[in-house]
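Please read these numbers as outputs of a predicted model, since none were measured by experiment.
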Amino acid sequence: MNNKTALITGLTGQDGSYLAEFLLSKGYKVYGLVRRTSNNPMVRLEGILGKVNIVYGNLRDIGAIERALEEANPDEIYNLAAQSDVGISFKCPEETIEINYYGVGRLVNAAMKKNPNVKIYHASTSEMFGDTPPPQNEETKFSPVSPYGEAKLKAHEDFVVGYREKHNLFICSGILFNHESPRRGRHFVTRKITVSLAKIKLGLQDHMELGNLEAKRDWGFAGDYVKVMWMMLQQDMPEDFVISTGETHTVRDFVNASAKALEMDIVWEGKGLDEVAKDRDGKIILKINKDFYRPNEVNALLGDSTKAKNILGWDPEIKFEELVAMMAKFDFEDLKEERSS
């Protein structure tokens with residue numbers, strides 16, 4: 001019987017909830033750091049609320065971090081807490097650096113002081129690659145183009161690579177490419193697409209608006225990705241890994257796959273900002289809004305996870321079309337039930 005204890009920051013987020021479920025299935029005692037003002041609904045933890053230990057606090061508050069570490073006394077720490085919206089990082093760069101850089105420093109320093117032998121997983125991001133040409137792997141040059149990517153890179157260099165080398169701390173980064181699920185926040189473009197199309201199909205919304213349809217992303221399933229977080233901390237030596245599917249799809253592809261899953265026939269017409277998508281009756285259900293374009297766009301992200309496959313034996317199980325269908329059908333059924341209640 002496993003008697004390990006884990007502390008997860010960002011417990012109520014998409015990754016935190018899947019990771020908590022996975023660790024509980026492995027016999028872990030799980031603690032989670034949760035912001036009292038968290039916008040992420042606790043409903044994500046509905047099935048495990050009585051099984052996880054909630055500690056209130058955030059990465060801004062060193063006192064709360066120290067209390068959480070004292071209460072949990074973890075063998076493993078999974079730092080998933082972040083200001084995780086790339087678009088918002090352009091509007092709130094100070095908050096992004098405060099949480100995604102300084103917050104990481106507070107946590108790592110306090111954890112190392114509490115237990116020098118603790119193992120720490122830190123959630124890094126493919127946004128650190130920025131405009132570097134794909135495919136991207138562990139040897140690819142970092143070149144972030146957003147405050148989010150810059151803050152994440154600084155934390156990776158200073159507190160992951162730096163503390164591993166200077167303090168012999170067992171800490172590693174999962175450089176995760178985009179990963180989605182029905183638990184993804186609705187303000188992210190993938191959920192915006194699936195929720196909006198479900199609403200349009202149910203007659204609850206007239207149309208939706210998007211920005212750059214040609215942005216390419218490597219989209220995987222969050223439930224697959226949290227497993228590799230755990231795998232990384234079971235190694236004898238800490239190493240960083242790129243985690244991805246090795247496939248790239250455009251935002252337009254995501255729209256098309258969502259519509260297909262919901263049995264909606266759509267036709268694209270026009271070009272550029274004047275492009276629209278129409279339903280089978282000729283009604284416009286999607287328009288382009290230039291305000292949704294980012295100041296600096298990462299045009300193409302495509303990960304190469306050969307290292308994770310060879311060393312950890314990890315491969316993603318859920319393919320792109322399965323992922324999109326899972327999300328679209330969840331949102332349709334959820335909204336249909338909500339409408340009828």
For a side chain to side chain contact (heavy atoms under 4.5 Å, CB included) check, start with the C-alpha distance between Ile120 and Phe170, then their side-chain angles and the critical distance, and finish with the verdict. CA-CA 6 Å; Ile120 303 175; Phe170 193 113; over 6 Å; no
Test salt bridge (Lys or Arg N to Asp or Glu O under 4.0 Å) on Glu275 and Arg252 and set out the steps. CA-CA 12 Å; Glu275 186 171 17; Arg252 185 193 303 276; 2.7 Å; yes
Start with the C-alpha gap between Leu301 and Lys216, add the side-chain angles, then the distance that decides, and say whether side chain to side chain contact (heavy atoms under 4.5 Å, CB included) holds. CA-CA 6 Å; Leu301 290 171; Lys216 295 179 179 179; over 6 Å; no
Check the pair Asp331, Lys201 against salt bridge (Lys or Arg N to Asp or Glu O under 4.0 Å), reporting the backbone distance first and the verdict last. CA-CA 11 Å; Asp331 284 326; Lys201 184 176 176 69; over 6 Å; no
What do the steps show when you test Val30 against Lys51 for side chain to side chain contact (heavy atoms under 4.5 Å, CB included), and what is the final call? CA-CA 8 Å; Val30 177; Lys51 301 175 184 177; over 6 Å; no
May I have the step-by-step check of side chain to side chain contact (heavy atoms under 4.5 Å, CB included) for Thr5 and Asn73, ending in yes or no? CA-CA 7 Å; Thr5 299; Asn73 192 24; over 6 Å; no
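Taking CD of Glu322 as the reference point, atom CZ of Phe221 lies at 10.0 Å (rounded to 0.5 Å). We find the CG-NZ distance between Asp334 and Lys329 to be 15.5 Å, quoted to the nearest 0.5 Å. Note: Gln14 CD to Leu19 CG = 12.0 Å, rounded to the nearest 0.5 Å. Atoms CZ and CG, from Phe332 and Leu197 in turn, are 11.5 Å apart once rounded to the nearest 0.5 Å. Going from atom CG of Asn79 over to atom CE of Met229 covers 10.5 Å, rounded to the nearest 0.5 Å. Rounding to the nearest 0.5 angstrom, the gap separating the NZ atom in Lys152 from the CE atom in Met128 is 8.5 Å.
Side-chain contact between Ile193 and Met208 is present, with heavy atoms from C-beta onward closer than 4.5 Å. Side chains of Ile200 and Asp279 form no contact here, defined as non-hydrogen atoms less than 4.5 Å apart. Between Trp230 and Tyr121 there is no side-chain heavy-atom pair separated by less than 4.5 Å. At least one side-chain heavy atom of Ile311 sits less than 4.5 Å from a side-chain heavy atom of Gln235. Asp240 is not listed as a side-chain neighbour of Ser124, based on a closest heavy-atom distance of 4.5 Å or more.
When the shell of 6.0 Å around CD of Glu139 is examined, it contains 12 or fewer heavy atoms from other residues, nucleotides or ligands. Atom NZ of Lys283 sits in a crowded spot, with more than 12 heavy atoms from other residues, nucleotides or ligands closer than 6.0 Å. The 12-atom threshold is exceeded at NZ of Lys307, counting heavy atoms of other residues, nucleotides or ligands nearer than 6.0 Å. By the 6.0 Å contact criterion, OH on Tyr102 is open, its count of non-hydrogen atoms from other residues, nucleotides or ligands being 12 or less.
Closest of all the heavy-atom pairs between Leu169 and Val118 is CD1-O, 4.1 Å. Minimum heavy-atom separation, Ala6 to Tyr78: CB-CE1, 4.0 Å. Here the closest heavy-atom approach between residue Ala300 and residue Gln136 is recorded as O-NE2, 3.6 Å. Of all the heavy atoms in Ile65 and Ala110, the pair that sits closest is CG2-CB, 4.0 Å.
Grouping the Ile, Leu, Val, Met, Phe, Trp and Tyr side chains by contacts below 4.5 angstrom, directly or via other members, places Met326 with Met264. The hydrophobic clustering, which links ILVMFWY residues whose side-chain heavy atoms are closer than 4.5 Å, places Ile48 and Leu7 apart. Under a hydrophobic-cluster definition in which Ile, Leu, Val, Met, Phe, Trp and Tyr are linked whenever side-chain heavy atoms come within less than 4.5 Å, directly or via other members, Val160 and Met112 are assigned to the same cluster. Cluster annotation: Leu23 is not connected to Val55 through the hydrophobic network of ILVMFWY side chains, with a link wherever side-chain heavy atoms come within less than 4.5 Å. A continuous path of Ile, Leu, Val, Met, Phe, Trp and Tyr side chains, each step under 4.5 Å between heavy atoms, connects Leu176 with Met327, placing both in one hydrophobic cluster.
Using modelled atom types, one finds a donor on one side chain and an acceptor on the other under 3.5 Å when comparing Ser305 with Ser244. Defined by atom type and a distance below 3.5 Å, a donor-acceptor pair is missing between the side-chain atoms of Asn168 and Tyr163. Under 3.5 Å, the side chains of Asp218 and His249 contain no donor-acceptor pair of N or O atoms. Counted by atom type alone, His156 and Ser173 present one or more donor-acceptor pairs between their side chains at under 3.5 Å. A donor-acceptor contact closer than 3.5 angstrom is absent between the side chains of Tyr101 and Glu150.
Salt bridge Lys154/Asp158: present, at least one basic N to carboxylate O contact under 4.0 Å. Using a cut-off of 4.0 Å between Lys/Arg side-chain N and Asp/Glu carboxylate O, Lys309 and Asp315 are scored as salt-bridged.
By the 6.0 Å and 45° rule, Arg184 stacks over the aromatic ring of Phe188.
The side-chain hydrogen bond (donor to acceptor under 3.5 Å, both in side chains) test applied to Thr132 returns no partner, not counting sequence neighbours. Remark: Ser17 pairs with Arg44, Leu45, Arg183 by the side chain to side chain contact (heavy atoms under 4.5 Å, CB included) rule, at least two apart or across chains. Annotation: side-chain hydrogen bond (donor to acceptor under 3.5 Å, both in side chains) contacts of Trp314 (sequence neighbours excluded): none.
The hydrophobic cluster around Val276 extends to Ile284, counting ILVMFWY residues whose side-chain heavy atoms fall within less than 4.5 Å of a member.
Judged as a side-chain hydrogen bond (donor to acceptor under 3.5 Å, both in side chains), the pairs with a partner in residues 219-229 (not counting sequence neighbours) are, in order, Glu180-Trp219. Sequence neighbours left out, the pairs with a member in residues 111-120 that pass side-chain hydrogen bond (donor to acceptor under 3.5 Å, both in side chains) are Glu70-Lys114.
Here the side chain of Arg339 pairs a donor or acceptor atom with the backbone of Leu202 at under 3.5 angstrom.
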